[in-house]
Number of protein chains: 2
Amino acid sequence: MITLTEENYIKAIYHLGKYGVNNVSTNAIAKEMETKASSVTDMVKKLSEKSYVDYKKYQGVTLTGKGKEVAVNIVRKHRLWEVFLVEKLNFSWDEVHEVAEQLEHIKSKKLISQLDAFLEFPTHDPHGDPIPDKTGKIKKIDKILLSEAKIGDDCICVGVQDSSSDFLKYLDKNNIALGTELKVCHREPFDNSVTIRIKTKELIISNMIANNLFVKVS
Amino acid sequence: MITLTEENYIKAIYHLGKYGVNNVSTNAIAKEMETKASSVTDMVKKLSEKSYVDYKKYQGVTLTGKGKEVAVNIVRKHRLWEVFLVEKLNFSWDEVHEVAEQLEHIKSKKLISQLDAFLEFPTHDPHGDPIPDKTGKIKKIDKILLSEAKIGDDCICVGVQDSSSDFLKYLDKNNIALGTELKVCHREPFDNSVTIRIKTKELIISNMIANNLFVKVS
DNA sequence: AATAATTTTTAGATTAATCTAAAAATTATT
DNA sequence: AATAATTTTTAGATTAATCTAAAAATTATT
């Protein structure tokens, strides 16, 4: 049996290891989990004994195949529930995370396969993140950050890097949603702010915003 | 903050105290929770300190107003989720309990109010049990056990006492569902088995079955 | 390469929930 | 009413997850 806490550690290690980082450090996990490094060391030993992670003292951890399976399944559940909350229960995209954090731990294969079907097998969650299929396969889309787009590019908004409530509300306020088409008009060399055009309206976006918005160049 | 275990104890005390029993005994709780009496004593002290129950040593416990509120809210969530599972995710009525046991602990007011609306404010769960409203009000219907119905009564099936998978599957097999109309034809004095007629078909039902099926005399 | 700074682990303690075995209180029976 | 049977509580231990403070190992800096 896997405990709720173990699942959360595995998820944290998965997210931290996502971008090429092979050995996730104790401190990184502690920060992500909002706990102390000593607690992480204890838990990591336990996860290692149960062979969810490979761990050598002072060397950090990597998920094993078994660990990755658990992680991807949690991510799948989290994202399917997010779709449910937005599509069926009228949650806005900045409200779903907290609830999905709870729902992702419900254990029932039938529940998830039926939910998947009920939602008509969605491929992406409300933030544009891909939903792993039942076998754990995740299909990547070739998205780039708006801050990396070239002047003159016609883009379509496909995701967010940060999904904090403040950021998502900013996007709502400025009528930027997944699927929104925009053109990159100008990048100011001094602060890397970006002028974009949505339909006929121009909007100036800070570098920080541009760094958290994924687009696909069309 | 209330823990998951505390919620489960409160729920157990609620269900045990439902039928007039005022002081729920330590042993009764232990049996319901599949734990030991000594564990119950400890927990009951804690619940008493947090004023979810009134407790005097050796005297059993009663839920306080605060405790009842928690209990009814869990029951509401449990039953709403059961409706969701059956109506939207095509679960059969004997499959929902285990999953609902998990879902009932998800904490989000918005989730429940939106789910309620999505399901179009159901008043009863798939087993015929009433769903408390947001204020905790439960409306009773004047149901009786089939074993208490008189010969010649025209009844409509409105609920089950026991909701074990075995019992529910028996009902499915014999085409008895909520809303099924039946006539009480005969009661055998020797074993209290009951002959009923559904549409044109007669069926003999043991006393044990009749003791677990709620009907409304029409 | 030695020392300083940082990171990680160890040792020992704490809280929540549980257990077993024995003691205490209550209830049932003679 | 005294004794037996049952129920409940107490005492002390255990497991999971956490913490603080100190020790050990690693990494960075002079």
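A note on names: the letters A, B, ... follow the listed sequences, proteins ahead of strands, and every chain is numbered from 1.
- Note on Thr41(B): a side-chain N or O is less than 4.0 Å away from OP1 or OP2 of dT9(D).
- The side chain of Thr35(A) lies closest to dC19(D), out of dC19(D), dA24(D), dT18(C).
- One donor-acceptor pair, N or O on each side, does fall under 3.5 Å between the base of dT20(C) and the side chain of Ser38(B).
- Judged by distance alone, the side chains of Asp54(A) and Thr64(A) never bring a donor and an acceptor atom under 3.5 Å apart.
- For Ser164(B) and Asp162(B), the side-chain atoms include at least one donor-acceptor pair closer than 3.5 Å.
- Among the atoms of the strands shown, only primed sugar atoms or phosphate atoms (P, OP1, OP2) are found under 4.0 Å from some heavy atom of Thr26(A).
- Distance CD (Glu6(A)) to C1' (dT15(D)): 12 Å, rounded to an integer number of Å.
- No side-chain N or O of Glu32(A) forms a donor-acceptor pair with one of His15(A) less than 3.5 Å apart.
- Each of dC19(D), dT20(C), dT18(C) was ranked by its minimum atom distance to the side chain of Asp42(B); first place goes to dT18(C).
- Applying the 4.0 Å criterion to OP1 and OP2 of dT7(C), one finds that Ser25(A) has every side-chain N and O outside that range.
- In this entry dA24(C) has dT7(D) as its Watson-Crick or G-U wobble partner, both defining distances falling under 3.5 Å.
- Residues Glu34(A) and Val40(B) both approach DNA chain D. Their nearest nucleotides, taken by heavy-atom distance, put Val40(B) toward the 5′ side.
- With dA24(D), dT20(C), dT9(D) as the choices, the nucleotide that has an atom nearest any side-chain atom of Tyr58(A) turns out to be dA24(D).
- Within a 6.0 Å radius of CD in Gln114(B), more than 12 heavy atoms belonging to other residues, nucleotides or ligands are found.
- Figure legend: Lys88(A) and Phe84(B) shown without cation-pi pairing, the cationic atom not lying both under 6.0 angstrom from the six-membered ring centre and within 45 degrees of its axis.
- The CG atom of Asn23(A) sits 11 Å away from the P atom of dT27(D) (whole-angstrom rounding).
- If you take CE of Met43(A) and P of dT10(C), they are 16 Å apart, rounded to a whole angstrom.
- Figure legend. dA2(C) is base-paired to dT29(D); pairs are counted as Watson-Crick or G-U wobble with both atom distances under 3.5 Å.
- Between Asn27(B) and dT6(D) there is no side-chain N or O to OP1 or OP2 distance below 4.0 Å.
- Contact annotation for Thr5(A): backbone-only contact, meaning every heavy-atom pair under 4.0 Å involves sugar-phosphate atoms and none involves a base.
- Going from atom NZ of Lys36(B) over to atom P of dT14(D) covers 17 Å, rounded to whole Å.
- Phosphate contact (OP1/OP2 of dT10(C), side-chain N/O of Lys45(A), threshold under 4.0 Å): present.
- Going from atom NZ of Lys57(B) over to atom P of dA24(C) covers 11 Å, rounded to whole Å.
- Spacing between atom CD1 of Ile2(B) and atom P of dT15(C) amounts to 20 Å, rounded to whole angstrom units.
- Across every strand in view, dT18(C) sits in a pair with dA13(D) that passes the Watson-Crick or G-U test at under 3.5 angstrom.
- Counting to the nearest Å, the P atom of dT9(D) and the NZ atom of Lys56(B) are 13 Å from each other.
- Atom CD of Gln59(A) is separated from atom C1' of dT8(C) by 11 Å (rounded to the nearest Å).
- Contact between the side-chain N/O atoms of Tyr55(B) and the OP1/OP2 oxygens of dT9(D) is found at a separation under 4.0 Å.
- Ion pairing of Glu7(B) with Lys107(B) is present here, as a side-chain N (NZ or NE/NH1/NH2) and a carboxylate O approach within less than 4.0 Å.
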